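Notes to accompany the following structure.
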Amino acid sequence: MASKKPYSFSASVNHMVDRAFKVLDIDPGVANDIKACSAVLQVKFPVNIKGKIEVFTGWRATHSTHRLPSKGGIRYAPIVDQDEVEALAALMTYKCAIVDVPFGGSKGGLLIDPRNYTRDELQLITRRFTRELVRKGFLSPATNVPAPDVGTGEREMAWIMDTYKHLHPEDIDYQGCVTGKPVHHGGIRGRTEATGRGVVYALREFFRHPADMKSAGLSGGLEDKRIVIQGLGNVGYHAAKLLQEEDKALIIAIIERDGALVNDAGFSIEHVRQYMNEHDGCIKGFPDAVYSENGNKALEMTCDILIPAAMESVITADNAEKIKTRLICEAANGPVTFEADEILNKRGITILPDAYANAGGVTVSYFEWIRNLSHIRFGRMERRYDEIRGRHVISAIESLTGREVPDWLEAEIVRGADELDLVRSGLDDTMRLAYQQISEAKNSNKKIRDFRTAAYVLAVSKISRSYQVIGVY
Ligand code: NAD
């Protein structure tokens, strides 16, 4: 018998959200409105590459505009299409609502393998793509603000900002047209690491909730937990590095494009990353590890936590029965398909969903956008003032007690917070509060069995409230 055709990425997201609509008593018209992608732009544009005209195809989907600007990354990938961009834009809508970031949802994609182009060629292509987006009303600080995603980083964001600035020199807020920029071009400290760090903050909060841990079949803390991670790119690298270095977790397998590395004693993430930098992004040949070409097989290894941090649809109906972990933390967008999600839920495997787990990126993008609109670095006004107050507190303690405060404690009390401290604090607070709301929603309603439905219930309640109050015009 022929197996059922799997749902497309956007259908998969919609089916997952439908479970939340079933729990909530929401007007079906409003539900359809929330799910609908409000606009999609497709552009085809020529660029002269090595004397030949190449035509590139790109998309920008605006899923929702109940809050403006709409926000979401731009990916450069050899496989991307309109459905994928729409699905990712929808995820952005729910993600922003879950972590209380006041943005609508959007996403962009350019069909390209960036590894086949030089830096100068990528700059030409990016600037041309940006012009298309700006001219067609799909990019500005007020309406639609991209960020990095797969295949793009702060370099591309700087080119996008510079192109927008040339087209709109009168816009005093031009730096806010894109986030994830280099710090010396209006970026914010801590943005590059933000998604990976947010994943870790999510996991730390999970391990502060004994009832949630118990229902996942886990106990203790992150220390010595055995972790398998897929993708050691921006998100995966920062998440794995923090988990290994700060939480003392064991990263026992790393899955990359060219295969998987396994080491039962755990990897030094920095060493693997260095090796990848020196070997064209490949992990094959890394010493002191067992290498296998079939990377996907390593997703099925026995472990405590599985972190897919590479791409969508890696856990499907085909391998969901074989997954042997207690907890999946979705650092990537859409790594588990709807069909796989149903199977994993039935098998009692806990999933921290993408729309929550990887929301650290958009959270810090929000901080960056505010910094751009306010034209001042966080902490600039109060840091030294806080230091002076700290010194007064030390003097008061010492004169009242007649004892000296130890140097290390004095340094801690006196030190004023800089931008990175504030960003990390805001990110940690955001991830903790959102987790607490999701966990509370899940544990207080018998109709909700999983974290994904709980997260979507939370998102959809917030969005529908906003839709209903404003109405339709
Ligand atoms: P990236 O391009 O920096 O890293 C992706 C990594 O995955 C690379 O190391 C790549 O070699 C690896 N990879 C690609 N195909 C693979 C495969 N088939 N098997 C194993 N590894 C493979 O991208 P990123 O920014 O780290 O994004 C990763 C995921 O996280 C995506 O789903 C993205 O949408 C999501 N995400 C990213 C951000 C962000 O701030 N960058 C924010 C939210 C969500």
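Because the structure is predicted, anything quoted here is derived from the model rather than measured. When a residue number appears, it is its place in the shown sequence, counting from 1. Start at 1 and go down the list; that is how both ligands and their atoms are numbered.
The closest side-chain heavy-atom distance from V85 to V40 is not below 4.5 Å. Side-chain contact between V23 and T453: present, with at least one pair of heavy atoms (C-beta onward) separated by less than 4.5 Å. When side chains are defined from C-beta on, F367 counts as touching F378, because their heavy atoms get closer than 4.5 Å. Counting heavy atoms from C-beta outward, I315 and P335 have side chains that stay 4.5 Å or more apart.
By heavy-atom distance, the residue among L232, I79, T195, T179 lying nearest atom 42 (C) of ligand 1 is T195. Between atom 20 (C) of ligand 1 and the options M92, E256, K95, M276, the minimum heavy-atom separation is to E256. Taking only non-hydrogen atoms, the option from S365, A260, A332, G361 nearest to atom 30 (O) of ligand 1 is A332. The closest heavy-atom contact to atom 2 (O) of ligand 1, among the options G151, G233, A355, comes from G151. When the heavy atoms of R257, Q230, M311 are ranked by distance to atom 18 (N) of ligand 1, first place goes to M311.
Aromatic ring orientation, Y366 versus F103: perpendicular (interplanar angle above 60°, classes split at 30° and 60°). By the 30° and 60° cut-offs, the orientation of the rings of H15 relative to Y7 is tilted. F286 and Y275 have perpendicular rings, their planes meeting at more than 60° on a 0 to 90° scale where under 30° would count as parallel. Taking the six-membered ring where the residue is Trp, Y164 and H168 present tilted rings, their angle falling between 30° and 60°.
Residue contacts with ligand 1 for P335 are absent, since no atom lies close enough (heavy atoms, distance under 4.0 Å).
Atoms of ligand 1 found under 4.0 Å from any heavy atom of A309, numbered from 1 in the order shown, are 28 (C), 29 (C). The atoms of ligand 1 that sit less than 4.0 Å from any heavy atom of G231 are 7 (O).
Of the protein's non-hydrogen atoms, the one nearest atom 13 (N) of ligand 1 is A310 CB, 3.9 Å. Closest protein heavy atom to atom 33 (C) of ligand 1: D149 OD1, 3.3 Å. Closest protein heavy atom to atom 27 (O) of ligand 1: V150 CG2, 3.6 Å. Residue, atom and distance of the protein heavy atom nearest to atom 44 (C) of ligand 1 are N333 ND2, 3.4 Å. Protein heavy atom closest to atom 24 (P) of ligand 1, with residue, atom name and distance, is V235 CG2, 3.8 Å.
Residue N358 places no N or O, backbone or side chain, under 3.5 Å from any N or O of ligand 1. For the pair N234 and ligand 1, the shortest N or O to N or O distance falls below 3.5 Å.
The shortest heavy-atom contact between G281 and D258 is O-OD1, 4.5 Å.
Of the candidates N333, D354, T363, K95 forms a side chain to side chain donor-acceptor pair (under 3.5 Å) with just one, namely N333.
Under a 4.0 Å heavy-atom criterion, E312 is not in contact with ligand 1. At a 4.0 Å cut-off, at least one heavy atom of A331 sits close enough to ligand 1 to count as contact. Taking 4.0 Å as the cut-off, R191 counts as a neighbour of ligand 1 on heavy-atom distance.
Side-chain atoms of R452 and Y456 include no donor-acceptor pair closer than 3.5 Å.
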